[in-house]
Amino acid sequence: MSSKQGNNRNRIKRLAIYSLLCSLCIVFGYVEFLIPTSLIAPGIKLGISNSIAILLLINGDIGGAFAVNISRILLSALLFGSPFSLLFSLCAGIVSTLVCALLIKLPALSPIGVSVAGGVCHNAVQVFVASFVVGRGVWFYLPILTVAGVICGAAIGFLGIVFSKKAKIDF
Amino acid sequence: MKILKKTDVILSISLILISVLGFFIVELMKKDGKTVVVKQNNSVVYEGKISEDREIPLKHNTVKIKDGKVFMKCADCKNQICVKSGKISKSGETVVCLPNRVIIEIE
Ligand SMILES: [Zn+2]
């Protein structure tokens, strides 16, 4: 097999795996959609899909983490969201993935710590965006959303580690 | 790979501590409010004293001021978070109806 052929095969494999992971995220998103966590405080979500991004980051695939996260946000907004909710989840998704991608390089933090930071950032960005839409009053939600971000983030980081041990993704 | 490192725990605890501390500081700084401001789509639709009992009907929501407290009496939004938010009376407190873009603020 020539190296060009090998390259193409690799790209197709990559595309297939990303698509598979993305559809898995959509399923996670639907499961979350069914759990009424937003009754505790507006905007609280488990963020199970982020465990896929953590899995890709553990594998050192930063581009893949962004590709899967952004496409799943766009797809789930199309399926169960509105342009309004897309604005929130896209801003929060991009910032939290960026934070995770930077922190995963730190040897002092495990994927759990990385995911905790990502979860807290995700919620903080949502409050920040909401403060422009509805007014600064929403900052009162930040403390409870931070606690939720730490708890959910830790669980999702752990899930990402479990996935990375069970599913060997190699390109 | 170690599953949980010391730094992870320190990071998590400090994030929670900062948020709880912030919450208490905000709670302690609260004062009884004087004015009720109701905004819809970021523009003020009502401004008045909190001491005057009244009902403010909006397109999709009804705001009620009674006994120095303000609350969302009813709303046609799906999640009903605004109605469940309860009564507010302190300066800086808010009730938000995100779906209908209605916000009640006390100043
Ligand atoms: Zn409402």
Side-chain angles (χ1 to χ4, degrees), chain A residues 36-44 58 82 84-85 88 103-104 106-121 123-124 126-127 129-155 157-158 160-162 164-165, chain B residues 1-27 29-30 33 36-44 61 70 77-86 88 90-107:
Chain A
T37 41
S38 63
L39 292 180
I40 304 166
I44 283 194
I58 290 172
S82 60
F84 194 55
S85 67
F88 281 79
L103 291 182
I104 199 93
L106 287 182
L109 284 177
S110 87
I112 292 186
V114 172
S115 175
V116 163
V120 171
C121 282
N123 292 348
Q126 286 207 319
V127 172
V129 176
S131 72
F132 281 106
V133 182
V134 290
R136 62 187 168 81
V138 287
W139 284 106
F140 286 95
Y141 287 120
L142 192 62
I144 176 120
L145 287 176
T146 304
V147 175
V150 169
I151 295 167
C152 296
F158 180 71
I161 295 173
V162 172
S164 77
K165 294 217 163 123
Chain B
M1 177 175 40
K2 226 174 145 189
I3 283 196
L4 190 68
K5 290 179 185 168
K6 213 174 168 184
T7 336
D8 298 326
V9 181
I10 296 171
L11 176 76
S12 307
I13 291 174
S14 41
L15 283 172
I16 291 179
L17 278 182
I18 290 168
S19 66
V20 171
L21 205 71
F23 186 75
F24 276 113
I25 291 171
V26 166
E27 281 293 311
M29 275 164 51
K30 276 184 189 174
V36 179
V37 180
V38 182
K39 287 180 192 164
Q40 191 161 28
N41 292 317
N42 257 338
S43 55
V44 177
N61 304 59
V70 193
C77 62
K78 237 186 191 171
N79 57 31
Q80 294 287 305
I81 288 168
C82 53
V83 179
K84 286 176 198 158
S85 306
I88 54 169
K90 301 261 194 270
S91 173
E93 283 185 322
T94 52
V95 173
V96 181
C97 180
L98 216 56
N100 295 340
R101 299 230 202 157
V102 171
I103 180 159
I104 311 170
E105 275 178 349
I106 295 182
E107 281 167 6

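Sequence lines set the chain letters: A, B, ... in the order given, protein chains first and strands last, and positions in each chain run from 1.
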How far apart are the closest heavy atoms of [X] and [Y], and which atoms are they?
{"X": "Asn42(B)", "Y": "Phe132(A)", "value": "ND2-O, 3.5 Å"}
{"X": "Leu15(B)", "Y": "Thr146(A)", "value": "O-CG2, 3.7 Å"}
{"X": "Ser19(B)", "Y": "Pro143(A)", "value": "O-CB, 3.5 Å"}

What's the spacing between [X] [atom1] and [Y] [atom2] if we round to 0.5 Å?
{"X": "Leu142(A)", "Y": "Ile18(B)", "atom1": "CG", "atom2": "CD1", "answer": "10.5 Å"}
{"X": "Ser110(A)", "Y": "Asp8(B)", "atom1": "OG", "atom2": "CG", "answer": "3.5 Å"}
{"X": "Leu11(B)", "Y": "Leu106(A)", "atom1": "CG", "atom2": "CG", "answer": "10.0 Å"}
{"X": "Leu98(B)", "Y": "Phe88(A)", "atom1": "CG", "atom2": "CZ", "answer": "5.5 Å"}

Does Leu109(A) offer a backbone N or O that forms a donor-acceptor pair with the side chain of Thr7(B) under 3.5 Å?
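Flag not set: sc Thr7(B) to bb Leu109(A) has no pair under 3.5 Å.
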
Test your reading of the model: is there a side-chain donor-acceptor pair from Lys5(B) to the backbone of Pro107(A), 3.5 Å cut-off?
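The answer is yes, because a donor-acceptor pair under 3.5 Å joins these two groups.
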
